[in-house]
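First up is the structure itself, then whatever we jot down about it.
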Amino acid sequence: MIIKTVDSVQKATQGVKDGMTFMLGGFGLCGIPENAISELVRLNIKNLTCISNNAGVDDFGLGQLLHKKQIDKMISSYVGENAIFEKQMLSGELDVELIPQGTLAARCQAAQQGFPAIYTPAGYGTEVAEGKETREFDGKMYVLEEAFKADFAFVKAWKGDRAGNLIFKGTARNFNPVMCGAAKITVAEVEELVEPGELDPNHIHVPGIFVQRIFQGKDYEKRIEQRTVRQKD
Amino acid sequence: MIIKTVDSVQKATQGVKDGMTFMLGGFGLCGIPENAISELVRLNIKNLTCISNNAGVDDFGLGQLLHKKQIDKMISSYVGENAIFEKQMLSGELDVELIPQGTLAARCQAAQQGFPAIYTPAGYGTEVAEGKETREFDGKMYVLEEAFKADFAFVKAWKGDRAGNLIFKGTARNFNPVMCGAAKITVAEVEELVEPGELDPNHIHVPGIFVQRIFQGKDYEKRIEQRTVRQKD
Amino acid sequence: MALDKNGIAQRIAKEVKDGYYVNLGIGIPTLVANFVRDDIQVEFQSENGILGMGRFPLDGEEDADLINAGKQTITARPGASFFDSATSFGMIRGKHVDLTILGAMEVAENGDIANWKIPGKMVKGMGGAMDLVASAENIIVAMMHTNKAGESKLLKRCSLPLTGVGCVTKIVTNLAVIEVTDNGFKLLETAPGVSVEDVQNATEGKLIVEGDIPEMQL
Amino acid sequence: MALDKNGIAQRIAKEVKDGYYVNLGIGIPTLVANFVRDDIQVEFQSENGILGMGRFPLDGEEDADLINAGKQTITARPGASFFDSATSFGMIRGKHVDLTILGAMEVAENGDIANWKIPGKMVKGMGGAMDLVASAENIIVAMMHTNKAGESKLLKRCSLPLTGVGCVTKIVTNLAVIEVTDNGFKLLETAPGVSVEDVQNATEGKLIVEGDIPEMQL
């Protein structure tokens, strides 16, 4: 098989540069590529454009890159949990493109699957559609949204094998699968790296062809944003 | 949970009528909804339009419907294994729309996911694109292909639970998942029907929301079209 | 007496029918799950990738890999499934979700909704709301009838940036149940102890009152 | 001496590089897998939904649920994965497959290919071929240089309905290896014992011959 393993986050992030566009998986802090983000913070590359549903919190996730002012532009659907973000955005330091969450997913998937653009009803008649082509199909209006272009996609899976095949757990799946193969280079970090053949080929969520580099992540914090519990009945 | 079980193929096919458009899963004879097809043959409904990658063989799969002249129109990508088909097509009895296999999959998926149409490079510059809108994105030409509209989708899965969740085996998956939820009513037949909770929610290929009726299939023949073996080393 | 948030949720719960897949927004909509009848089968979808969302976990049983769209820890019910964001919005865009319940800052008498941005003040983003309102055919808004300044949130036209156009089908507030019709807001029910005049006074958009208006049954 | 089908497959196998994901069409292309070097890592994709296709099964170990796009029973290698048809063509359309090898009835000097239909005679359908040739950047055609009537299959223009336009990058026939350039067919190698004149005579399209043409190494 074609082996995708690299033995460190340093090798996994080789080639990242100032001014690049990154996709980063995760929803809130759930399923984010913690190891890759830490390394991007350490490398201190600047002027980044980040495509990510959310922007982390002030001191975790993408919030760390915002804190060091490494990001010029964010493309996200919801950024409500992040005060640094809000400050940089209101001051004009940070360029922010807010887009519907389903459109974000669809533009990633289009990039992955070679669709140049998609038509979605989301945002029609709102400022999201301003300057975009709209079109009627069967009496309903749609907005044309183009596939994303990105240099790197950083995703995090639960298990992966050395051929790059990935399996996710629970809702930590979210945007991770649709970003795989949607950038020039996809870097996957996993909680458990196994040998090819150990994962049931019927259960694989992302075939290895969509992944260029895979590595065993470490020290996962997996922070919970809104710990909510019920009382015993 | 919302229970989708029906206890017979008769109940599962309730509402099928002359002149309807059906989607049928399977690739060749692999993963075809054998029970539903047999029932459609028995019901002897006519003037059907069938969206299916292939047309079965003379005496199995969709070939049985062709044999009884129940089908007016086939939308397929490859029909090379079926002499009845070829005869009906050449005589003009059968209307045939041949489309690229990836376009077939994409038009099903578009219907499932609420995309009105998709742009694909497949078929550009060929007779497949005649009369269709074409368009350039980033220097490459694409053809606009509309989402399918169908009355029923008949699919076959390996395992399913009573909530309609489906899991497929091997390459019997093929077109089945993308047809689920792509028609007004999706009917799934399974080799093994289990209780909700028995399938790992991480392993489900098609969430039950895309399935309206599910039933325990029986007497699966699972015919092999091209039995090919190697000699022991 | 006007309803509180739980009262609004309780009234909306009556709109949830047997066999429905339902997407609940953050805030009052989340409370609706607590009031759905036990004898009907309903599944909750959360757009971050779960169908069959269950209750909050017991203390100590939280799983960082299992949250809802509000980032709260949750559990999965038997028959649940997990999926990626593209599939999730495929369900929504493809109209497989039967009912969407969400909050709003403003609703207009033509069914327009605004709930994601106050220019210069608050810009959290639309999340999945624009996809939901553009696709769903059954959209109930749960909100207070007026804002903190006492101004009506049921308007002739929205003043804030829109989330979606002509999409809201019903509104349940602390004062009333209102249907959005081609001709404007049609009053269906008043909250216990709330008069038609109270509703009229709190509604800037055109309010249609036909015949006797029953009181909400909770 | 002109090559036979296995010879063509053997020569094409040299175009398969370490780390390639490869899609093989029906016919001669299928034979290529037999000749790929053992010391490089290659995975075969079959568009019906498998990556990591292995050898044919042993007698008695066939699985009706495990076939390739030619409907033949196959096996899966360690590290294989199964997926649906939309994902499969996502791989293809998204240019994740590195090399596509397929047969043809005609190839034109501008890279056009025809391989799915002979009007009035043969209409089997294009299967996945139109998707493959419209998307792949590295497309090798495996075919005999002439048809059964002895007519060239390397033409100025295709006479049959096209499968794709300007897409073929290389052609390996029983007589030669030919690159499709902006200026026409460029002769790269001749089969053992085949002369440049033989190739010229069998090629209707413009054949570019520059310098000494080496003989194929198999």
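In what follows, chains carry the letters A, B, and so on, assigned in the order in which the sequence lines appear, proteins first and then strands, with residues in each chain numbered from 1.
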Ranking A:Cys108, A:Gly102, A:Gly80 by heavy-atom pairs under 4.5 Å to chain C gives rank one to A:Gly102
Among C:Glu61, C:Met122, C:Arg93, C:Lys71, the residue with the most heavy-atom pairs under 4.5 Å to chain A is C:Lys71
dist A:Thr171:OG1 -> C:Ile74:CD1 (nearest 0.5 Å) comes out at 6.0 Å
Option in A:Ala105, A:Ser77, A:Ala122 with maximal non-hydrogen atom pairs under 4.5 Å from chain C:
A:Ser77
Can you tell me if A:His67 has over 12 outside heavy atoms packed within less than 6.0 Å of its NE2?
no
Less than 4.5 Å apart, any side-chain heavy atom of C:Val123 and any of A:Glu86?
no
Close side-chain approach of A:Glu191 and C:Asp65, heavy atoms under 4.5 Å
yes
With a 4.5 Å heavy-atom cut-off, do A:Gln101 and C:Glu47 have their side chains touching?
yes
I want to check something: taking the side chain as every heavy atom from C-beta on, are C:Lys124 and A:Phe85 in contact at a cut-off of under 4.5 Å?
no
So which of C:Glu62, C:Arg55, C:Lys117 has the largest heavy-atom pair count under 4.5 angstrom toward chain A?
C:Arg55
Using atom types as modelled and distance alone, determine if a side-chain donor or acceptor of A:Thr228 lies under 3.5 Å from a backbone N or O of C:Phe56.
no
If one checks every heavy atom of C:Phe82 against chain A at 4.5 Å, the contacting part turns out to be both
So which of C:Gly125, C:Ala80, C:Gly127 has the largest heavy-atom pair count under 4.5 angstrom toward chain A?
C:Gly127
Check each atom of C:Thr163 against the heavy atoms of chain A and say whether the ones under 4.5 Å are side chain, backbone, both or neither.
backbone
When you look at C:Asp63 and A:Lys169, which way does the side chain to side chain contact (heavy atoms under 4.5 Å, CB included) test go after all the steps?
CA-CA 10 Å; C:Asp63 179 351; A:Lys169 178 168 157 274; 3.1 Å; yes
Between atom OG1 of A:Thr120 and atom CZ of C:Phe89, what is the distance when rounded to the nearest 0.5 Å?
10.0 Å
Might you point out which heavy atoms bring A:Phe27 and C:Ile67 nearest each other, and give the distance in Å?
O-CD1, 3.9 Å
Is chain C contacted by the side chain of A:Val79, its backbone, both, or neither, given a heavy-atom distance below 4.5 Å?
both
A quick test of your reading: do over 12 heavy atoms of other residues, nucleotides or ligands sit less than 6.0 Å from NZ of A:Lys132?
yes
In this structure, OG of C:Ser135 is separated from NZ of A:Lys140 (nearest 0.5 Å) by 5.5 Å
Taking atom CG of C:Asp38 as the centre, report whether more than 12 heavy atoms of other residues, nucleotides or ligands fall under 6.0 Å from it.
no
From the list C:Ala86, C:Gly128, C:Pro57, the residue making the most non-hydrogen contacts under 4.5 Å with chain A is C:Pro57
Given a strict heavy-atom distance threshold of 4.5 Å, which part of C:Asp112 is in contact with chain A: side chain, backbone, both, or neither?
neither
If you round to the nearest 0.5 Å, how far is CG of C:Asp59 from CZ of A:Arg230?
11.0 Å
Can you tell me how far the CD atom of A:Glu225 sits from the OG1 atom of C:Thr73, to the nearest 0.5 Å?
11.5 Å
When you look at CG of C:Asp18, are more than 12 heavy atoms from neighbouring residues, nucleotides or ligands closer to it than 6.0 Å?
yes
For A:Gln231, does the CD atom sit with more than 12 other heavy atoms under 6.0 Å from it, leaving out its own atoms?
no
Answer key: most heavy-atom pairs under 4.5 Å with chain A among C:Leu162, C:Leu58, C:Leu66, C:Ile50 is C:Leu58
Quick one, A:Val128 and C:Met130 - any side-chain contact, counting heavy atoms below 4.5 Å?
yes
Would you find more than 12 non-hydrogen atoms of other residues, nucleotides or ligands less than 6.0 Å from A:Lys87 atom NZ?
no
Restricting to non-hydrogen atoms, name the atom on A:Cys30 and the atom on C:Ala64 that form the minimum distance, rounded to 0.1 Å.
SG-O, 3.4 Å
Taking side chain as everything from C-beta outward and backbone as N, CA, C, O, which of these in A:Asn53 sits under 4.5 Å from a heavy atom of chain C? Side chain, backbone, both or neither.
neither
What residue, out of A:Glu127, A:Lys222, A:Met141, has the most heavy-atom pairs lying under 4.5 Å from chain C?
A:Glu127
Hey, which of A:Ile99, A:Val96, A:Leu104, A:Asn82 has the most heavy atom pairs under 4.5 Å with chain C?
A:Ile99
Salt-bridge contact C:Asp84-A:Arg173 (side-chain N to carboxylate O under 4.0 Å)
no
Using the rule given for side chain to side chain contact (heavy atoms under 4.5 Å, CB included), can you reason through C:Trp116 versus A:Leu98, listing the C-alpha separation, both sets of side-chain angles and the distance that settles it, and then say yes or no?
CA-CA 10 Å; C:Trp116 72 283; A:Leu98 289 168; 4.0 Å; yes
